[in-house]
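Values in this document were obtained by computation on a predicted structure and should not be read as measured data. Atoms considered below: every heavy atom in the structure, side chains included; atoms not considered: hydrogens, waters and symmetry mates. Ligands are counted one by one from 1 in listed order, and the atoms in each one are counted from 1 as well.
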Amino acid sequence: MTLDLFAHDAHDPRDPHATSGERGISSDELAPGAFVLRGYARTAVAALQSDIDAIVAQAPLRHWLTPGGKRMSVAMTNCGEVGWISDRMGYRYGSHDPLSGREWPAMPASFVTLACEAAQAAGYDNFKPDACLINRYSLDARLTLHQDRDEREMGAPIVSVSLGLPAIFLWGGLQRSDRTRKVRLEPGDVVVWGGPSRLVYHGIASVEGSFDANAVRYNLTFRQAR
Ligand code: MD6
Ligand code: FE
């Protein structure tokens, strides 16, 4: 399926009136309520990356322990009113970075705008993200199949932005044992999901290498957590 996305888009400074079709953006519907907006954030990747670097300077990326005591291979940090935390006590959202004891860095206005516009393009009005989880994947990092269910507001979608190296995203069903399909996510792709797909199992199977041995993948997920 192809949606006609925005008639205008604030992320393309060259032509704010270009239609999504003119900008080469298409959308795949993964399942009811879940869309991959191909290249939606393409013109914003450099600005997003420098905002991420500034956040990481205040709240460093770290490898959380799972409640079972395993070190996660994905390195994480947060910005926004609350951040996603994991340790032996479980998964949860908290207003302070446990490493520093300080509040998480504020969510840049450009992040909020991008997340809200992408949500709207997928049919979700009034998205108000209060949490942005920043994930960094090196080549050996994986994210096993999981549901995102630590948020209070299950009526709100999640908006996920891919940057850096491409990755193979696993898209399953509402049961962990459901078949998964593989979706290749490239930098600038945005996945929006909610509604009947809000609790679909998903993960990252692998990250694709490149000639640059230091390259990594970043992913931003915006949530309405509280
Ligand atoms: C990732 N994303 O793309 C991992 N969760 O790196 C997620 O786990 C995720 O992309 C909820 C909604 C969208 C996502
Ligand atoms: Fe997730």
Side-chain angles (χ1 to χ4, degrees), residues 27-41 45 48-49 52 56 61 63-64 66 72-80 82-86 91-93 111 114-116 118-119 121-124 127 129-174 176 178 180-208 215-225:
S27 162
D28 303 329
E29 188 170 18
L30 289 172
F35 301 89
V36 183
L37 311 181
R38 298 279 176 199
Y40 188 85
V45 291
L48 291 169
Q49 188 62 56
I52 290 170
V56 166
L61 290 153
H63 297 269
W64 297 120
T66 66
M72 296 183 71
S73 61
V74 181
M76 301 183 177
T77 189
N78 295 279
C79 63
V82 289
W84 188 84
I85 295 168
S86 175
Y91 304 128
R92 63 197 177 277
Y93 284 92
F111 281 26
L114 171 65
C116 292
Y124 297 99
F127 181 49
D130 56 8
C132 173
L133 174 62
I134 300 171
N135 294 148
R136 186 193 63 196
Y137 296 75
S138 53
L139 279 182
D140 55 356
R142 307 270 179 277
L143 196 61
T144 55
L145 222 51
H146 66 278
Q147 292 171 301
D148 284 29
R149 56 174 184 200
D150 304 316
E151 299 74 29
R152 198 166 297 163
E153 191 42 76
M154 285 294 153
I158 294 184
V159 173
S160 161
V161 180
S162 290
L163 301 166
L165 295 174
I168 302 298
F169 179 65
L170 294 175
W171 174 260
L174 292 171
R176 188 185 290 278
D178 287 343
T180 55
R181 65 187 256 211
K182 294 184 164 129
V183 180
R184 188 169 182 274
L185 294 179
E186 299 193 39
D189 287 349
V190 179
V191 185
V192 181
W193 81 67
S197 291
R198 179 64 178 72
L199 288 171
V200 163
Y201 278 90
H202 58 280
I204 292 289
S206 59
V207 175
E208 258 178 48
V216 293
R217 172 177 186 259
Y218 281 94
N219 166 262
L220 305 174
T221 60
F222 296 93
R223 299 110 187 273
Q224 209 163 304

Thr221 to ligand 1, any heavy atom closer than 4.0 Å:
yes

Regarding Arg223 and Thr221, is there a side-chain donor-to-acceptor distance under 3.5 Å anywhere?
yes

Residue pair Trp84 / Asp150, side-chain donor-acceptor N/O under 3.5 Å:
yes

Residue list, side-chain contact (heavy atoms from CB on, under 4.5 Å) with Ala34, at least two apart or on another chain:
Leu30, Trp171, Trp193, Ser197

Just let me know how Val74 lines up against ligand 1, side chain, backbone, both or neither, with a heavy-atom cut-off below 4.0 Å.
neither

Inside 2.8 Å of the Fe ion (ligand 2) but strictly below it, how many protein N/O/S atoms are present?
3

Tell me, please, which residues at least two apart from Tyr201 pass side-chain contact (heavy atoms from CB on, under 4.5 Å).
Leu145, Gln147, Arg176

Between Ser162 and Gly188 (side chain of the first, backbone of the second, donor and acceptor by atom type, cut-off under 3.5 Å), is there such a pair?
no

Using distance alone, determine whether Trp193 and ligand 1 share an N or O pair under 3.5 Å.
no

Pairing donors with acceptors under 3.5 angstrom, does anything connect the side chains of Asn219 and Ser160?
yes

Note: ligand 1 atoms sitting under 4.0 Å from heavy atoms of Asn219 are 1 (C), 2 (N), 3 (O), 4 (C), 6 (O)

For residues 133-158, pull every pair meeting ring pair (Phe, Tyr, Trp, His ring centres under 6.0 Å), keeping only residues two or more places apart or in separate chains.
His146-His202

Going by the salt bridge (Lys or Arg N to Asp or Glu O under 4.0 Å) test, name the single residue among Arg184, Arg38, Arg217 that passes it with Asp189.
Arg38

